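Okay, structure first, notes after.
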Amino acid sequence: MAYVYMARCKNGALYTGWTNDLEKRIAAHTGGRGAAYTKAFGAEGLAYAEVQPDKSAALRREAQLKKLPKEQKEALAASFRPREFVLLRPAVPADAADVRSIAGYYIRSSTASFLTEVPSESDYRAEIRKISRRLPYLIARNALGEPLGFVCAHPWETGRGAYSWDAETTIYLAPGARRKGVGSMLYAALLASLARQGYWNAYAVLADPNEASEAFHKARGFVCEGRQKHTGYKNGWQGISYWGLALKEGDEAPGEKPREPQKEELAAVLEAARMGKGWQEILQDLENTLPQTPKENSLDKLFV
């Protein structure tokens with residue numbers, strides 16, 4: 001995936017470019033580290049963006065936009081809705097404050113989480129650094145940089161022994177991002193990544209009752225495997241329900257334990273999820289386009 005964009009400059013001009021990482025590129029422009037033009041005249045922020053399937057398409061579209069009269073460029077900028085333009089990427093420790101803010105909303109105001117106190121920012125920073133070396137930890141933002149939600153997986157039953165091929169999933173959306181497709185994108189990316197890494201089962205543990213979350217998981221193929229009453233006390237006694245999804249079918253031995261996330265694979269997964277594909281469709285695409293034995297391109301360098 002590639003992005004064609006226009007950045008608003010302080011002199012009123014619209015600078016046109018393309019990039020594979022829109023968030024990073026706009027930050028470079030506004031921070032004085034972008035193109036020569038934006039360094040000279042200053043960039044205020046993103047004015048317009050659209051998705052292209054690859055670099056070649058982006059270069060062609062960039063050339064088209066550069067040829068447009070100023071009034072047509074301004075019309076495109078006026079039609080752009082940055083709060084609705086979703087960007088997906090792996091979370092990094094610097095995202096800890098936003099992850100804490102999103103999760104903290106549910107910890108303080110609902111029983112969706114059984115935590116009663118919000119962990120510190122340093123706790124989330126450590127969690128992102130630790131989990132991301134083994135399992136997907138993904139964040140969604142809009143084109144303004146506002147956090148929309150995050151999704152991650154943890155080892156099921158701490159990943160011991162026979163549980164090594166199982167993962168527990170977690171998703172939280174910012175209150176204003178619900179029912180806008182963000183959760184579907186994040187969960188599709190998470191499940192496809194887990195399956196590609198070699199996990200056989202994904203499990204979700206939900207507060208019971210939680211009709212909205214149950215419907216969300218049912219729509220993605222999860223099946224309720226049991227319920228417990230009076231499991232946690234938060235605003236009264238609360239129950240939990242267990243939901244399972246088979247990422248791989250069969251009774252054969254699973255073989256090697258799941259491997260860590262790979263940069264190239266995760267980029268492809270996020271691109272497909274951004275385009276609205278389901279996890280099974282994404283997985284099939286990966287099997288057709290990427291080798292089964294990935295390159296040595298893990299995400300470790302992101303979390304040093």
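This one's a predicted model, so the numbers in the text were calculated from it and none came from an experiment.
Note that CD1 of I128 and CG of D123 are 11.0 Å apart. Values are rounded to the nearest 0.5 Å. Going from atom CG of D166 over to atom CG of N201 covers 4.5 Å, rounded to the nearest 0.5 Å. Taken from NZ in K229 to OG in S241, the straight-line distance is 13.0 Å, to the nearest 0.5 Å. Note that CG of L266 and CD of E260 are 12.0 Å apart. Values are rounded to the nearest 0.5 Å. To the nearest 0.5 angstrom, C224 atom SG is 7.5 Å from D208 atom CG. In this structure, I282 CD1 and L286 CG are separated by 7.5 Å, a value rounded to the nearest 0.5 Å.
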Would you sort out whether K277 and D285 count as a side-chain contact (heavy atoms from CB on, under 4.5 Å), showing the intermediate values?
CA-CA 10 Å; K277 293 186 177 183; D285 288 348; 2.7 Å; yes

Side chain to side chain donor-acceptor pair (under 3.5 Å) evaluation trace for S120 with R125:
CA-CA 9 Å; S120 68; R125 184 180 294 269; over 6 Å; no

For a side-chain contact (heavy atoms from CB on, under 4.5 Å) check, start with the C-alpha distance between R227 and I240, then their side-chain angles and the critical distance, and finish with the verdict.
CA-CA 6 Å; R227 299 179 187 272; I240 57 174; over 6 Å; no

Set out, in order, the CA-CA distance, both residues' side-chain angles and the distance that settles side-chain contact (heavy atoms from CB on, under 4.5 Å) for I171 and F216, then state yes or no.
CA-CA 11 Å; I171 182 170; F216 179 85; 4.2 Å; yes

Check the pair F150 / L138 against side-chain contact (heavy atoms from CB on, under 4.5 Å), numbers first and verdict last.
CA-CA 6 Å; F150 71 93; L138 313 173; over 6 Å; no

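One N or O on the side chain of K234 and one on the backbone of L115 form a donor-acceptor pair closer than 3.5 Å. Under the 3.5 Å distance criterion, the side-chain polar atoms of R134 are left unmatched by any main-chain donor or acceptor of K130. For S109 (side chain) and Y105 (main-chain N/O), a donor-acceptor pair under 3.5 Å exists by modelled atom type. Judged by distance alone, the side chain of R196 and the main-chain N or O of E265 form no donor-acceptor pair under 3.5 Å. A donor-acceptor contact shorter than 3.5 Å is absent between the side chain of K24 and the backbone of N20. A donor-acceptor pair under 3.5 Å is formed between the side chain of S79 and the backbone N or O of L76. In this structure a side-chain-to-backbone donor-acceptor pair under 3.5 Å is present from S193 to A189.
Every residue two or more places apart in sequence or in another chain was checked for a side-chain hydrogen bond (donor to acceptor under 3.5 Å, both in side chains) with Y199, and none qualifies. Qualifying ring-ring contact (aromatic ring centres under 6.0 Å, His included) partners for Y48, counting only residues two or more places apart in sequence or in other chains: F80. Among residues two or more places apart in sequence or in another chain, the side chain to side chain contact (heavy atoms under 4.5 Å, CB included) test is passed with D98 by R141, P147. For Q284, the side-chain hydrogen bond (donor to acceptor under 3.5 Å, both in side chains) partners two or more places apart in sequence, or in a different chain, are N288.
The 12-atom threshold is exceeded at NZ of K73, counting heavy atoms of other residues, nucleotides or ligands nearer than 6.0 Å. Counted within 6.0 Å of NZ on K39, heavy atoms from surrounding residues, nucleotides or ligands total more than 12; the atom is thus considered enclosed. Counting heavy atoms of neighbouring residues, nucleotides and ligands inside a 6.0 Å radius, atom CD of E71 exceeds 12 of them. Summarising the local packing, CD of E117 is surrounded by 12 or fewer heavy atoms from other residues, nucleotides or ligands at distances under 6.0 Å. Heavy-atom contacts from other residues, nucleotides or ligands closer than 6.0 Å to NZ of K70 number more than 12.
Clustering ILVMFWY residues whenever any of their side-chain heavy atoms sit less than 4.5 angstrom apart, transitively, puts V182 in a cluster other than the one holding L144. When the side chains of ILVMFWY residues are joined at heavy-atom separations under 4.5 Å, either directly or via intervening members, Y172 and L135 end up in a single hydrophobic cluster. In this structure, W156 is not a member of the same hydrophobic cluster as L247, with clusters built from ILVMFWY side-chain heavy atoms closer than 4.5 Å. Both Y187 and L206 belong to a single network of hydrophobic side chains, linked directly or stepwise wherever heavy atoms of I, L, V, M, F, W or Y lie under 4.5 Å apart. Each of W243 and F114 belongs to its own hydrophobic cluster when Ile, Leu, Val, Met, Phe, Trp and Tyr are linked at side-chain heavy-atom distances under 4.5 angstrom.
Counting only residues at least two apart or in different chains, side-chain hydrogen bond (donor to acceptor under 3.5 Å, both in side chains) contacts with residues 52-69 comprise E50-Q52, E50-R61, R61-Q64, E62-K66.
Looking at S184 and R220, their side chains come closer than 4.5 Å, going by heavy atoms from C-beta outward. When side chains are defined from C-beta on, R274 counts as touching V51, because their heavy atoms get closer than 4.5 Å. Y242 places a side-chain heavy atom less than 4.5 Å from the side chain of Q228. By the 4.5 Å heavy-atom criterion applied to side chains, P90 and Y137 are not counted as neighbours. N142 has its side chain out of reach of L87: every pair of non-hydrogen atoms, C-beta onward, lies at least 4.5 Å apart. Residues H154 and T170 form a side-chain contact, since some pair of their non-hydrogen atoms from C-beta on lies under 4.5 Å apart. You'll find the side chain of P119 stays beyond 4.5 Å of the side chain of R100, heavy atoms only. Inter-residue side-chain proximity for C152 and V99 is flagged as unmet; no heavy-atom pair is nearer than 4.5 Å.
Electrostatic pairing of E23 and R89 counts as a salt bridge here, judged by a charged N lying under 4.0 Å from a carboxylate O.
Across L245 and G221, no two heavy atoms sit closer than the pair CD1-O, 3.4 Å. In plain terms, the two heavy atoms of L191 and A202 that are nearest each other are CD2-CB, 4.0 Å. Heavy-atom minimum distance, L186 versus G149: CD1-C, 3.8 Å. Shown here for Y106 and A112, the closest heavy-atom pair between the two residues is CD2-CB, 4.3 Å. Scanning both residues, I107 and S113, for their nearest heavy atoms gives CG1-OG, 3.6 Å. What you find for A153 and I131 is that their closest heavy atoms are O-CG2, 3.2 Å.
A side chain to side chain contact (heavy atoms under 4.5 Å, CB included) with P93 holds for exactly one of E127, R129, E121; it is R129.
With hydrogens and angles left out, the side-chain atoms of N210 and E214 include no donor and acceptor closer than 3.5 Å.
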For residues 4-19, which side-chain donor-acceptor pairs fall under 3.5 Å, sequence neighbours excluded?
residue : atom : partner : partner atom : Å
Y5      : OH   : R25     : NE           : 3.4
Y5      : OH   : H29     : NE2          : 2.7
R8      : NH1  : G12     : O            : 3.0
R8      : NH1  : E74     : OE2          : 2.7
R8      : NH2  : E74     : OE1          : 2.8
N11     : OD1  : A13     : N            : 3.0
N11     : ND2  : Y37     : OH           : 3.2
T19     : OG1  : D21     : N            : 3.0
T19     : OG1  : D21     : O            : 3.3

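Y203 has its ring centre no less than 6.0 Å from the ring centre of F222.
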